[in-house]
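Since the structure comes first, as structure tokens, the remarks are kept for the end.
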Amino acid sequence: MPRFSIIVPSHGVAGRLSQALDSVLAQSFGDFELIPVCDAPDSAAADVAVERAERDSRVTPVHAPPSAGLAGARNSGMRAATGAYLLFLDGDDTLTPGALAALDARLAETGGVDVLYSEYERVPWWEGEVTNPAAPLLARTPDGAFAPDRAPHLTGVHLPAWSAVYRRTFLAERRLDFPGGHFTDVGFGALVAARAERVAVLRSVVVRHLVRRQGNRLNLPGEHHAELLDQAELALAHAAERGLPDERRGPLFEQLFAAILKTATHPRRLTRRGRRAFYRRASRLYRRHRPAGFRPPGGRLGVQHRLLAAGSYTGFRALRAANRAATGVLRRLPWPRGLRTRLLYRRHLRRSLDANLVVYCAYWGRGYACNPAAIHRAARELAPHLRSVFLVEPDQAHTVPADVDHAVIGSARYWEVLARAKYLVNNANFAEGVVKRPGSVHVQTQHGTPLKTMGVDQSTYPVVAAATGSFTKLLGRVDRWDYNLSANRHSTQMWERAFPGSYEHLEYGYPRNDVYCTASAEDVARVRRELGVPEGKTAVLYAPTHRDYETGFASGLASGSASGSGTGGLDLEAFCEAAGEDVVVLLRAHYFYDRGGQRERTGRIIDVTGHRSSEDVCLAADALVTDYSSIMFDYANLNRPIVVYADDWDVYRETRGVYFDLMAAPPGPVARTPEELARVFGDGSYAGPESAALRAAFRERFCEFDDGRAAERVVRRVLLGEPPEALPPVIPLAKRVPAPAAATLVRS
């Protein structure tokens with residue numbers, strides 16, 4: 001029998017679950033079993049749990065449907081547990097280093113207690129102070145094991161489930177489990193405290209509880225707040241049935257009604273009608289269960305107690321109105337700069353939303369490109385009743401196709417369409433001053449699968465953080481998102497971590513990648529002619545990513561080097577000579593270095609950095625050489641050879657941060673020097689069986705949803721409002737037919 005069974009519900013926290021599980025597996029005390037509770041065997045959280053289970057036999061995943069809620073997940077974990085003591089951990093929380101050893105030592109010191117309470121930290125997502133709410137409660141308890149009568153203020157109401165460990169046989173013998181519904185910790189904590197006979201405390205932090213950006217979900221508006229009264233009634237009725245003395249029932253009553261009155265007085269948790277019903281039921285509960293001799297607290301809270309006891313909703317409403325008037329907060333909206341612009345934008349915001357208007361933007365206005373352009377093309381076919389406007393910078397307006405309506409960023413029309421469009425689609429973010437209007441729908445399409453850290457995960461990397469700017473403002477922009485696109489479950493989990501918000505994930509694939517499954521041999525030949533690839537040549541696309549710790553990009557067309565790109569001075573002309581006379585290089589620098597559409601050619605190197613479509617460039621290439629660019633994930637959909645040139649991986653990983661070890665799971669051969677890179681092309685191993693095996697595993701993981709119908713799914717789900725079950729299912733990877741490579745056509 002293990003000493004501890006650690007139960008970790010994972011619904012809605014797949015992006016952080018790995019950190020929670022790893023905080024347990026890294027404990028110095030190893031006598032435990034770890035029970036992640038997942039929604040379904042094929043969920044993203046289950047993938048994380050199964051991966052840990054394959055590495056460590058102490059991990060035993062179980063499943064509970066989302067409909068069972070948090071209570072059902074914890075109860076499922078309890079039924080599977082075999083440990084002497086149970087510890088509950090939320091899927092986005094972590095155990096502190098040495099926590100299990102400290103718990104074990106304290107249990108050995110105090111003997112067989114039913115419950116061992118401990119301190120915990122509330123850690124804000126981003127800004128704010130770390131707090132230790134349990135410390136004041138636990139400070140006022142005896143030093144050793146004690147009977148609950150000696151600490152009547154430990155009612156369980158203010159101590160969440162993960163701030164204690166519980167003797168498993170104690171819970172089983174008394175048939176204690178988590179009551180269904182919301183606020184389950186309140187009911188469970190009170191029941192446990194009422195039934196325990198011997199308890200102790202550990203005055204050190206065991207759990208770091210991550211406070212979600214939007215705060216506790218229980219605090220959101222909704223009818224679920226009535227369930228707080230259900231839990232309170234359960235706790236008070238049980239205390240009466242057990243015959244708890246008034247000395248213990250008094251603190252329980254006071255703590256429960258402090259929570260109830262906080263909800264009743266909150267300006268947004270309850271509707272006007274819901275607040276009246278909530279108050280009246282709370283008043284009946286108050287009068288029914290008030291302990292003999294109970295004295296209300298002083299001050300404003302005491303007045304609320306007396307009004308509740310009298311059932312005076314009129315008096316309560318008048319008191320609440322007076323308090324709101326005294327402490328009202330002026331709401332401020334971020335507005336665009338310039339008085340005339342602010343007035344113009346404000347005027348358009350007063351007009352009704354245009355239900356048939358869609359606004360698109362890609363790469364901060366760099367033109368008609370990427371996922372927004374692909375969705376736009378699909379919408380013209382599937383939703384012709386919608387009108388579309390693409391937003392572009394002034395110097396990019398000439399690049400927009402003639403049949404695509406556009407507005408120049410900063411113009412009067414730009415602010416008008418942003419104010420009135422129902423649908424707003426972007427692969428980056430709209431301007432700081434754009435207001436999220438009720439009824440509008442913001443779609444974040446992203447523009448790549450994340451290898452490098454993104455969003456708030458960049459905050460611990462000083463070079464990147466300095467260039468990123470205010471993370472608080474970034475999170476404010478994230479709050480505008482209604483939908484976020486994902487090409488694979490890895491991305492879904494990382495977006496959840498990097499951009500915490502309340503948006504819905506759309507695991508539909510990237511619309512820009514549809515072409516890799518729909519393009520024909522004629523399309524490939526046409527693009528190669530447009531780019532100037534000589535017939536019969538093997539075109540190798542070289543696409544290095546941006547380095548945050550370097551500046552500038554030298555294309556290497558004159559000197560043959562790519563210094564400033566982080567490639568260790570790769571000589572592209574020398575590479576061509578070593579790789580074979582049939583090789584030409586398509587050089588595509590990161591879009592940060594796009595020089596406005598210019599294209600140069602020197603010898604066997606063709607600069608395609610300024611070409612508008614990265615998808616066209618990928619179609620034209622017979623193989624890809626990249627370092628850590630997300631283009632590798634897109635190119636993998638073509639099932640063509642990929643070589644990773646990683647001459648500075650250790651530096652990149654330390655300065656930029658990455659989500660997984662690319663060297664351990666690359667899409668093809670890894671070269672660390674120019675000589676190694678030339679060799680894999682010279683001997684043909686870049687396209688050999690080992691390369692194909694690495695690529696197959698990579699595709700299985702990262703090409704999950706890119707089947708050629710992503711744009712259709714987005715249009716039908718978001719713009720036409722079709723239910724998810726009506727959308728075309730994802731075509732399995734084995735049944736997809738990628739666009740043929742030119743080299744394949746020549747050989748055939």
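Just so you know, residue 1 is the first one in the sequence shown, and it goes up from there. Please read all numbers here as calculations on a predicted model, not as lab measurements. Hydrogens, waters and symmetry mates are skipped; everything else that's a heavy atom, side chains included, is used.
Salt-bridge annotation for R377 and E381: absent, with no side-chain N of the basic residue lying under 4.0 Å from a carboxylate O of the acidic one. A salt bridge links R526 with E530: at least one charged nitrogen is closer than 4.0 Å to a carboxylate oxygen. The existence of a salt bridge linking D706 and R736 is excluded, since no basic side-chain nitrogen approaches an acidic carboxylate oxygen closer than 4.0 Å. Here R679 does not pair with E676 in a salt bridge; the nearest charged N to carboxylate O distance is not below 4.0 Å. A salt bridge is absent between K452 and D457; no separation between the charged side-chain nitrogens and carboxylate oxygens falls under 4.0 Å. The pair E393-R366 does not meet the salt-bridge criterion, since no charged nitrogen lies less than 4.0 angstrom from a carboxylate oxygen. Using a 4.0 Å cut-off between charged nitrogen and carboxylate oxygen, R604 and E577 count as a salt-bridge pair. A salt bridge between D514 and R709 is absent, with no side-chain N of the basic residue lying under 4.0 Å from a carboxylate O of the acidic one. In this structure, R717 pairs ionically with E504, as a charged nitrogen and a carboxylate oxygen lie closer than 4.0 Å.
Under the 4.5 Å side-chain criterion, counting only non-hydrogen atoms from C-beta, T453 is not in contact with V658. Two residues are said to be in side-chain contact when any heavy atoms from C-beta on lie closer than 4.5 Å; I605 and V584 fail this criterion. Counting heavy atoms from C-beta outward, N426 and V359 have side chains that stay 4.5 Å or more apart. Side-chain contact between Y516 and P738: absent, with no pair of heavy atoms (C-beta onward) separated by less than 4.5 Å. In this structure the side chain of C576 reaches within 4.5 angstrom of the side chain of V585, judged on heavy atoms. Residues D661 and W649 meet the side-chain proximity criterion, which asks for heavy atoms closer than 4.5 Å. At least one side-chain heavy atom of R52 sits less than 4.5 Å from a side-chain heavy atom of S18. Using a 4.5 Å cut-off on side-chain heavy atoms (C-beta onward), T545 and Y652 make contact.
There is no side-chain donor-acceptor pair under 3.5 Å between D405 and S388. Side chain to side chain, R588 and S614 fail the donor-acceptor criterion of an N or O pair below 3.5 Å. T492 and E507 form a side-chain donor-acceptor contact under 3.5 Å, judged by distance and modelled atom types alone. For the residue pair W481 and N429, a side-chain donor N or O sits within less than 3.5 Å of a side-chain acceptor on the partner. For the residue pair Q446/N371, the side-chain donor-acceptor check at 3.5 Å is not satisfied. Side chains of R477 and Q444: no donor on one and acceptor on the other come within 3.5 Å. For the residue pair S491 and S486, no side-chain donor N or O sits within less than 3.5 Å of a side-chain acceptor on the partner.
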* Could you walk me through whether C618 and I631 pass side chain to side chain contact (heavy atoms under 4.5 Å, CB included), step by step? => CA-CA 9 Å; C618 287; I631 199 171; 3.8 Å; yes

* To do: Please report the C-alpha distance between Y423 and H442 in whole Å, then the side-chain angles of each, then the deciding distance to 0.1 Å, and finally whether the ring pair (Phe, Tyr, Trp, His ring centres under 6.0 Å) criterion is met.
  => CA-CA 6 Å; Y423 304 100; H442 284 241; over 10 Å; no

* Asked: Would V425 and T445 satisfy side chain to side chain contact (heavy atoms under 4.5 Å, CB included), going step by step from the backbone distance to the final call?
  -> CA-CA 7 Å; V425 182; T445 73; 3.6 Å; yes

* Do H376 and Y368 pass the ring pair (Phe, Tyr, Trp, His ring centres under 6.0 Å) test, and can you show the C-alpha distance, the side-chain angles, and the key distance before you say yes or no? -> CA-CA 10 Å; H376 173 265; Y368 186 76; 5.4 Å; yes

* To do: I would like to know whether R489 and D47 meet salt bridge (Lys or Arg N to Asp or Glu O under 4.0 Å); could you show each step before the answer?
  => CA-CA 9 Å; R489 278 184 280 188; D47 290 345; 3.2 Å; yes

* Check the pair R16, R497 against side chain to side chain contact (heavy atoms under 4.5 Å, CB included), reporting the backbone distance first and the verdict last. => CA-CA 6 Å; R16 297 278 175 181; R497 283 180 47 178; 3.7 Å; yes

* Tell me, with the steps shown, if R380 and D403 meet salt bridge (Lys or Arg N to Asp or Glu O under 4.0 Å). => CA-CA 11 Å; R380 297 175 89 171; D403 60 343; 3.4 Å; yes

* Evaluate the criterion salt bridge (Lys or Arg N to Asp or Glu O under 4.0 Å) for residue pair D622 and K537; output intermediate values, then yes/no. => CA-CA 9 Å; D622 301 299; K537 297 293 186 181; over 6 Å; no

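Judged by a 6.0 Å distance limit and a 45° cone about the ring axis, R512 is positioned over the six-membered ring of Y510. Both tests do not hold together for R701 against F633: distance to the six-membered ring centre under 6.0 Å, angle to the ring axis within 45°.
Under the 3.5 Å distance criterion, the side-chain polar atoms of R640 are matched with a main-chain donor or acceptor of P740. Side chain of S629 to main chain of P544: no donor-acceptor pair is present (N/O by atom type, distance under 3.5 Å, no hydrogens or angles). Proximity of a side-chain donor or acceptor of D571 to a complementary backbone N or O of A574 within less than 3.5 Å is detected. For R612 (side chain) and T399 (main-chain N/O), no donor-acceptor pair under 3.5 Å exists by modelled atom type. Under a 3.5 Å cut-off, the side chain of R695 and the backbone N or O of A636 do not form any donor-acceptor pair. Panel note: side chain R713, backbone P724; no donor-acceptor pair is recorded below 3.5 Å. Checking side-chain atoms of S10 against main-chain N and O of A45 turns up no donor-acceptor pair under 3.5 Å. The main-chain N or O of G15 is never found under 3.5 Å from a side-chain atom of Q493 such that the two would form a donor-acceptor pair.
Summarising the geometry of I409 relative to Y414, their closest heavy-atom pair is CA-CD1, 3.6 Å, with the distance given to 0.1 Å. For the residue pair A539 and L586, the shortest heavy atom distance occurs at CB-CD1, 4.1 Å.
The six-membered or imidazole ring of F575 lies near that of F681, with a centre-to-centre distance under 6.0 Å. Aromatic rings of F705 and Y508 (six-membered ring for Trp) have centroids beyond the 6.0 Å cut-off, not under it. Taking the six-membered ring for Trp, W495 and Y503 have ring centres at least 6.0 Å apart. Ring centroid separation for the pair H447 and Y363 comes in under the 6.0 Å cut-off.
Between H490 and Y659, the angle of the ring planes goes over 60°, which puts this pair in the perpendicular group of the 30/60° scheme.
Atoms CD and CD1, on E712 and I375 in that order, are 13.0 Å from each other to the nearest 0.5 Å. To the nearest 0.5 Å, atoms CG (L357) and OG (S440) are separated by 11.5 Å. With values rounded to the nearest 0.5 angstrom, F430 atom CZ is found 6.0 Å from C361 atom SG. For the atom pair C703 SG and Y635 OH, the distance stands at 12.5 Å (nearest 0.5 Å). Here R387 contributes atom CZ and D354 contributes atom CG; the two are 4.5 Å apart, rounded to the nearest 0.5 Å. Distance check, rounded to the nearest 0.5 Å: CE of M663 to CG of D650 gives 9.0 Å.
Of the residues listed (L474, D479, V456, L475), the one engaging F499 in a side-chain contact (heavy atoms from CB on, under 4.5 Å) is L474, and it is the only one. Among V527, V515, V608, V524, the single residue meeting the side-chain contact (heavy atoms from CB on, under 4.5 Å) criterion with D616 is V527.
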